[in-house]
Peer 1: 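What follows is a structure written as structure tokens; I'll ask about it next.
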Amino acid sequence: MPVTPEPEAEVHQLDQAAREGGDGCIDILSPPPGTDPEDCLHVALHVHGAASVRRGGASTVLAPGDLLISATPHPAGLLQDSECRMLLFRVPCFYLGVRQSDVRRAGGLVARGTEGTGSLASQFLRTLAAQARAHRARPGNHLARSVSDIVAVLVAELLDREDPEHPTGAAELLSRIRAHIEENLADPDLSPESIARSQHISVRYLHKLFQQDGTTVGQWVRRRRLDACRRELERPSRRQASVSAVAHRWGFVSHSHFSRAFRDAFGVSPREWQAYATRTEGHNPAS
């Protein structure tokens with residue numbers, strides 16, 4: 001019968017995993033070709049000791065399992081005592097669909113490890129750290145990609161809460177609009193008119209909501225479709241599918257337009273990304 005480690009032993013094991021990472025960070029995934037290696041977000045998992053984050057004149061005390069997400073490994077306002085131990089993770093913004101500047105502007109983002117997506121992310125990060133220690137290397141590809149997807153959802157939720165631009169009603173409406181877009185990404189007839197009609201608002205107001213968010217409806221839809229294509233092209237089950245078929249499945253009518261948009265967004269062509277995913281499948285993604 002397996003023996004469950006004592007809390008102090010678990011802290012030591014998790015802390016050791018970070019130390020074995022060389023620079024103290026566990027790389028969840030390596031930057032893909034064509035991206036800036038420094039364009040990463042950092043996630044700190046609090047495992048032991050006392051720590052707090054000071055923002056806007058108020059302090060938030062971190063409990064074991066809580067997560068701190070920032071644009072740097074050591075965000076301003078983080079206070080720790082000598083007994084504090086944190087696991088540090090690093091993930092390229094490429095995989096999160098978020099800009100480093102957005103997190104930098106918001107400051108350190110705190111997610112409770114006992115609530116919602118924060119709880120799920122905290123558990124997965126502990127598992128990932130344990131695997132990194134067991135293999136004396138960066139984590140395996142499948143687990144790493146799952147963790148990055150969960151962190152992406154968590155970061156999006158935290159940034160939405162931090163958004164000072166919209167009153168609550170507008171923020172909730174924008175959230176519903178984005179959910180509608182996600183559900184209908186594969187529909188080639190998805191348009192500002194159909195989106196506005198689904199929410200019983202004018203097209204003009206729809207454009208205003210996205211302009212206040214720093215983008216346009218068309219840019220948002222295109223980026224979400226590109227993200228969907230990127231994920232599909234890297235999945236083993238879809239590895240034999242043609243680039244054109246994947247693009248068409250997610251609402252792109254023109255192959256040449258899709259290829260240009262994909263390269264503009266990710267720095268590589270769809271075929272280059274598919275080849276990269278094939279090479280890294282089953283291997284250390286940061287090797």
Peer 1: According to the salt bridge (charged side-chain N to carboxylate O under 4.0 Å, His left out) rule, which pairs have a member within residues 190-206, sequence neighbours left out?
Peer 2: none
Peer 1: Taking the side chain from Glu183 and the backbone from His180, do they hold a donor-acceptor pair closer than 3.5 Å?
Peer 2: no
Peer 1: Can you name the nearest heavy-atom pair linking Leu226 to Ala261, along with the distance?
Peer 2: CD1-O, 3.7 Å
Peer 1: Among all residues two or more places apart in sequence or in another chain, which pass the ring pair (Phe, Tyr, Trp, His ring centres under 6.0 Å) test with Phe252?
Peer 2: Phe258
Peer 1: State yes or no: do Val203 and Val217 share one hydrophobic cluster built from I, L, V, M, F, W and Y residues joined by side-chain heavy-atom distances below 4.5 Å, directly or via other members?
Peer 2: no
Peer 1: Is Arg260 paired with Asp264 through a side-chain N to carboxylate O contact shorter than 4.0 Å?
Peer 2: no
Peer 1: Distance check, rounded to the nearest 0.5 Å: Glu232 atom CD versus Glu234 atom CD?
Peer 2: 10.5 Å
Peer 1: Are the side chains of Val253 and His248 in contact, using a 4.5 Å heavy-atom criterion?
Peer 2: no
Peer 1: Going from CD1 on Ile28 to CG on Leu96, what distance comes out if it is rounded to the nearest 0.5 angstrom?
Peer 2: 8.0 Å
Peer 1: Is there a donor-acceptor pair closer than 3.5 Å between any side-chain N or O of Ser119 and the backbone N or O of Gly116?
Peer 2: no
Peer 1: To the closest 0.5 Å, what do you measure between CZ (Phe210) and CG (Leu174)?
Peer 2: 5.0 Å
Peer 1: Are any side-chain N or O atoms of Arg90 and backbone N or O atoms of Val43, one a donor and one an acceptor, separated by less than 3.5 Å?
Peer 2: no
Peer 1: Classify the ring geometry between Phe266 and Phe94 as parallel (under 30°), tilted (30 to 60°) or perpendicular (over 60°).
Peer 2: perpendicular
Peer 1: Is any side-chain heavy atom of Leu109 closer than 4.5 Å to a side-chain heavy atom of Leu68?
Peer 2: no
Peer 1: Are Pro92 and Pro31 packed together at the side-chain level, in the sense that at least one heavy-atom pair is separated by less than 4.5 angstrom?
Peer 2: yes
Peer 1: Does the side chain of Leu41 come within less than 4.5 Å of Val151's, by heavy atoms?
Peer 2: no
Peer 1: Whether the side chain of Gln219 engages the backbone of Thr216 through a donor-acceptor N/O pair (distance < 3.5 Å, no angle test) should be reported.
Peer 2: yes
Peer 1: Between atom CG of Asp227 and atom CD of Glu182, what is the distance when rounded to the nearest 0.5 Å?
Peer 2: 8.5 Å
Peer 1: CD/Glu115 to CG/Leu120 distance, rounded to the nearest 0.5 angstrom?
Peer 2: 13.5 Å
Peer 1: For the backbone of Ser30 and the side chain of Asp27, can you confirm whether one donor and one acceptor N or O come within less than 3.5 Å of each other?
Peer 2: no
Peer 1: Run the salt bridge (Lys or Arg N to Asp or Glu O under 4.0 Å) check on Arg145 and Asp149 step by step: do they pass?
Peer 2: CA-CA 6 Å; Arg145 291 189 185 280; Asp149 287 344; over 6 Å; no
Peer 1: Count I, L, V, M, F, W, Y as connected when their side-chain heavy atoms are under 4.5 Å apart, and connections chain through other members. Are Tyr205 and Ile177 then in the same cluster?
Peer 2: yes
Peer 1: From the options Asp66, Leu62, Ile26, Leu67, select the one residue that forms a side chain to side chain contact (heavy atoms under 4.5 Å, CB included) with Leu45.
Peer 2: Leu67
Peer 1: Looking just at side-chain N and O atoms, do Ser244 and His255 make a donor-acceptor pair shorter than 3.5 Å?
Peer 2: yes
Peer 1: Taking the side chain as C-beta and beyond, is there a heavy-atom pair between His48 and Cys84 under 4.5 Å?
Peer 2: no
Peer 1: Sub-3.5 Å donor-acceptor pair from the side chain of Ser52 to the main-chain atoms of Ser59, do we have one?
Peer 2: no
Peer 1: State yes or no: do Val155 and Val153 share one hydrophobic cluster built from I, L, V, M, F, W and Y residues joined by side-chain heavy-atom distances below 4.5 Å, directly or via other members?
Peer 2: no
Peer 1: Any non-hydrogen side-chain atom of Val47 less than 4.5 Å from a side-chain atom of Arg126?
Peer 2: yes
Peer 1: Examine distances only and state if a side-chain atom of Thr215 and a backbone atom of Gln211 form a donor-acceptor pair shorter than 3.5 Å.
Peer 2: no
Peer 1: Does NZ or CZ of Arg230 fall inside the cone over Phe262's six-membered ring, less than 6.0 Å from its centre and within 45° of the axis?
Peer 2: no
Peer 1: Give a yes or no answer on whether the side chain of Ser194 reaches the backbone of Leu190 with a donor-acceptor pair at less than 3.5 Å.
Peer 2: no
Peer 1: With a 6.0 Å cut-off (strictly less than), is the heavy-atom count around CZ of Arg271, excluding the residue itself, greater than 12?
Peer 2: no
Peer 1: I need the Ile201 CD1 to Leu206 CG distance, nearest 0.5 Å.
Peer 2: 5.0 Å
